[in-house]
Amino acid sequence: MLKEEQEVAVLRVPHNPAPLTSTVIHIHSETAVPDHAIWSLFNTLFMNWCYLGFIAFTYSVKSRDRKMVGNLSGAQAYASTAKCLNVCILILDIHVTTALIILFTSSSMIIFQAISQTVKNLQGQQ
C-alpha cells in the first residue's frame, strides 16, 4: 500500500455495524392564555359604559372557545382585545367616578352656601 493510501485509510470513519441513532425530545409548552372572562363579566355588570363591557365579555368568550379548540394564536388575539377593552373601561370608569365625585362635592358646597346666604338674608329682614 502506498503511503498516501494509508493516510486516507486512517482518516476514514471507522466502519461500525451499529447504525448511528439520535434522540429527539419534543417539549410541548402549555402556554396559558388568560381569557379575562371574570374581569369582563364584572365590567359588563357594573361598568358597562357604551356597552364596552359586553363587547369585552364577548371577546373573552371567543378567546375561551378558541383555547378549547386548540387555536392558541386566535385565543391570544381575542384575549388581547378583551384585555385592551377592559383596561379602557377601567380608565373611563375611574375618570367618570372622579368627575362625579368632584361634581357632587362642588354642587353640594354651592347648595350649602346658597342655603346659608338665604338664612342670613331671612334673619337680616326680621
Side-chain angles (χ1 to χ4, degrees):
M1 190 185 304
L2 295 171
K3 185 177 179 182
E4 292 177 0
E5 289 179 7
Q6 186 180 13
E7 289 178 8
V8 172
V10 171
L11 294 177
R12 285 188 200 162
V13 177
H15 182 56
N16 191 356
L20 295 175
T21 58
S22 62
T23 304
V24 178
I25 299 173
H26 295 284
I27 300 174
H28 297 285
S29 61
E30 291 288 329
T31 55
V33 179
D35 52 12
H36 308 290
I38 303 298
W39 190 11
S40 299
L41 182 64
F42 178 80
N43 285 339
T44 300
L45 295 176
F46 297 109
M47 297 183 277
N48 200 14
W49 298 106
C50 302
Y51 295 103
L52 287 177
F54 181 71
I55 295 169
F57 185 67
T58 303
Y59 275 100
S60 296
V61 170
K62 284 183 177 185
S63 172
R64 186 170 284 185
D65 290 343
R66 297 282 192 251
K67 189 169 48 173
M68 291 297 185
V69 171
N71 183 2
L72 292 180
S73 62
Q76 196 168 16
Y78 281 117
S80 174
T81 304
K83 181 180 178 181
C84 181
L85 288 171
N86 283 325
V87 168
C88 290
I89 295 166
L90 181 65
I91 291 171
L92 183 64
D93 187 58
I94 288 171
H95 286 302
V96 168
T97 303
T98 305
L100 287 176
I101 289 172
I102 291 171
L103 181 67
F104 179 73
T105 305
S106 62
S107 64
S108 61
M109 287 176 29
I110 291 171
I111 291 171
F112 178 72
Q113 288 175 353
I115 291 173
S116 297
Q117 189 67 26
T118 305
V119 169
K120 286 181 184 177
N121 288 342
L122 287 177
Q123 287 177 352
Q125 289 178 355
Q126 291 177 352

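Of all non-hydrogen atoms in A82 and A56, the two that sit nearest each other are CB-O, 3.7 Å. When all heavy atoms of A37 and S60 are compared, the pair lying nearest together is CA-CB, 3.8 Å.
Side-chain contact check for N71 and S73: at least one donor-acceptor pair (N or O, by modelled atom type) lies under 3.5 Å.
Atoms CG and CG, on L41 and N86 in that order, are 10.5 Å from each other to the nearest 0.5 Å. Between the CG atom in L85 and the CD1 atom in I55 there is a gap of 6.5 Å [rounded to 0.5 Å]. Going from atom OG of S116 over to atom CE of M109 covers 11.5 Å, rounded to the nearest 0.5 Å. For the atom pair OG of S40 and CG of L52, the computed distance is 11.0 Å after rounding to the nearest 0.5 Å. Here CG of L122 is found 10.5 Å from CD of Q117. Values are rounded to the nearest 0.5 Å.
K67 places no side-chain N or O within donor-acceptor distance of the main-chain N or O of D35, the cut-off being under 3.5 Å. With hydrogens and angles ignored, the 3.5 Å screen pairs no side-chain donor or acceptor of S80 with any backbone N or O of Q76.
Note: the hydrophobic cluster containing Y51 does not contain F46 (ILVMFWY, side chain heavy atoms under 4.5 Å, direct or indirect links). Residue I38 is not grouped with residue V33 when hydrophobic side chains (ILVMFWY) are merged at heavy-atom distances under 4.5 angstrom, including chains of intermediate members. Under a hydrophobic clustering in which Ile, Leu, Val, Met, Phe, Trp and Tyr are joined whenever their side-chain heavy atoms come within less than 4.5 Å, directly or via other members, Y78 and F54 fall into different clusters. A chain of hydrophobic side-chain contacts below 4.5 Å, direct or via other Ile, Leu, Val, Met, Phe, Trp or Tyr residues, connects I111 to V119.
Looking at I115 and T118, their side chains never come closer than 4.5 Å, going by heavy atoms from C-beta outward. When side chains are defined from C-beta on, W39 counts as touching V87, because their heavy atoms get closer than 4.5 Å. Counting heavy atoms from C-beta on, the side chains of V61 and D65 come closer than 4.5 Å.
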- prompt: Can you check side chain to side chain contact (heavy atoms under 4.5 Å, CB included) on K83 and Y59, steps first, answer last?
  reply: CA-CA 9 Å; K83 181 180 178 181; Y59 275 100; over 6 Å; no
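In this structure, I102 stands alone, with no Ile, Leu, Val, Met, Phe, Trp or Tyr side-chain heavy atom under 4.5 Å from its own, directly or through other members.
A side chain to side chain contact (heavy atoms under 4.5 Å, CB included) with I94 holds for exactly one of L90, I91, L92; it is L90.
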